[in-house]
Amino acid sequence: MPPRRRGAHPHPGHSKAQCLKVLRRLSAYLDHELPISVCREIRKHMGACPNCEDFVTSLRQTVRLCRHAKIPPMSATAKARIRREIHKAAGLL
Amino acid sequence: MKTRTQGRDGSAGTGKDGSSAATFDRLYRDHVDRIYRFAQRLCGHNDDAKDLVQDTFLNAYRGIKRFRGEAQISTWLYTIATRACIRMRRRRRGEPVRELSLDEFIPTSQGEFHLQIPIEGLTPEEALEHKELRRMLQQAIQKLPKKYRLVLVLRDMEGLTAKQVSSVMRLNERAVKSRLHRARLFVRRELSARGMDGGASRGRAGAA
């Protein structure tokens, strides 16, 4: 963890405590698990705190990237080989 | 939702002895792609992923008589694969358990708030055409401590609900959500400017 001056806040004009409160709830916010009143509070904070807004955007993008990351399928040859190995180990042959 | 392998009662569709090669082959055919994808996301290496697929289906075959259909077959297989993955990694690498704290994810400089590779205005599919971004994402997921990686992969990549992840991981939902949040913040940080330089800026800041 990088050293941070105690009490220093990178968002001018806003309290670090407010940002921390938002940070703690961001996944629940993105997953639509929070009550409307809390969502409103978070949006209000973001409207006044560009850094938190950027942070939420980048977290949302991260989650979307994870959801859409593709994996190439296993080859038919490898599938057949693994199937044979399992048959052998399980005494199905 | 029932899969093709499931019988009318939601069971695994086994015969009287529950051990036929045909039953196994059906299970394997219907679920091998899903379990391979899961294994690849967890392990990051082809060979490890294939070993995990083999362990999972062998254990599934041996345990199929105990499957009563309370869960979907896919969730049952995820559970077996998760247990196999935990055993496999413990055996091979003896990874230390590392806890992630929220404090470590608080950005301290302007560059850390954005992703390093700008993807504004792109769909996730378009963004992922960027080879470097794909590599960074894969590396970030592999760098996650295992217990966080499992939750992130199950929830955000395999698309399980928090309740299903809680059943697979044998954790309460609150713990699942807490791990998921930390895992997402970790991956986000790795994709940000701070993650990009491999910690060099952290070293510089520490030396200042």
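So that the names make sense, note that chain A is the first sequence line, chain B the second, and so on, each numbered from 1.
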Part of [X] lying under 4.5 Å from any heavy atom of chain A:
X         : value
Arg134(B) : neither
Lys177(B) : side chain
Asp25(B)  : side chain
Leu137(B) : side chain
Leu185(B) : both

With chain B as the partner, which of [options] has the greatest number of non-hydrogen pairs under 4.5 Å?
options                                : result
Leu26(A), Leu20(A), Asp31(A)           : Asp31(A)
Arg64(A), Arg67(A), Lys70(A), Gln61(A) : Gln61(A)
Arg25(A), Glu33(A), Glu53(A)           : Glu33(A)

Measure the [atom1]-[atom2] distance between [X] and [Y] for me, rounded to the nearest 0.5 Å.
X         : Y         : atom1 : atom2 : result
Leu58(B)  : Glu85(A)  : CG    : CD    : 10.5 Å
Tyr61(B)  : His87(A)  : OH    : NE2   : 8.5 Å
Ile106(B) : Phe55(A)  : CD1   : CZ    : 8.5 Å
Phe24(B)  : Arg83(A)  : CZ    : CZ    : 8.0 Å
Asp54(A)  : His114(B) : CG    : NE2   : 4.0 Å

Side-chain ([X]) to main-chain ([Y]) donor-acceptor, under 3.5 angstrom:
X         : Y         : value
Ser58(A)  : Phe113(B) : yes
Arg41(B)  : Ala69(A)  : yes
His181(B) : Leu23(A)  : yes

Margin query: Assess the residue pair Ile119(B) and Leu65(A) against the criterion (side-chain contact (heavy atoms from CB on, under 4.5 Å)); give the C-alpha distance rounded to whole Å, side-chain angles, the decisive distance to 0.1 Å, and a yes or no.
Written below: CA-CA 10 Å; Ile119(B) 59 171; Leu65(A) 289 174; 4.1 Å; yes

Should [X] and [Y] count as side-chain neighbours, where that means a heavy-atom distance under 4.5 Å?
X        : Y         : value
Cys66(A) : Leu152(B) : yes
Thr57(A) : Glu120(B) : yes
Ile86(A) : Tyr28(B)  : yes

Note to self: Only heavy atoms, only distances under 4.5 angstrom. Which residues in residues 155-163 of chain B are near chain A?
What the structure shows: Arg155(B), Asp156(B), Met157(B)

Check: Tyr36(B) and Lys79(A): side-chain contact (heavy atoms from CB on, under 4.5 Å), yes or no, with the steps?
Finding: CA-CA 9 Å; Tyr36(B) 173 70; Lys79(A) 279 189 218 176; over 6 Å; no

Item checked: Proximity breakdown for Arg24(A) and chain B, heavy-atom pairs closer than 4.5 Å ->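 Looking at Arg24(A), backbone and side chain both touch chain B.
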
Next item on the list: Decide yes or no on side-chain contact (heavy atoms from CB on, under 4.5 Å) for Arg184(B) and Leu59(A), but give the supporting numbers first.
Entry: CA-CA 7 Å; Arg184(B) 286 172 173 177; Leu59(A) 188 65; 3.9 Å; yes

Notebook entry, point to check: Run the side-chain contact (heavy atoms from CB on, under 4.5 Å) check on Thr62(A) and Glu190(B) step by step: do they pass?
Noted result: CA-CA 10 Å; Thr62(A) 301; Glu190(B) 292 301 308; over 6 Å; no

Notebook entry, point to check: For chain A, which of Val32(B), Leu102(B), Val53(B), Leu115(B) has the most heavy-atom pairs under 4.5 Å?
Noted result: Leu115(B)

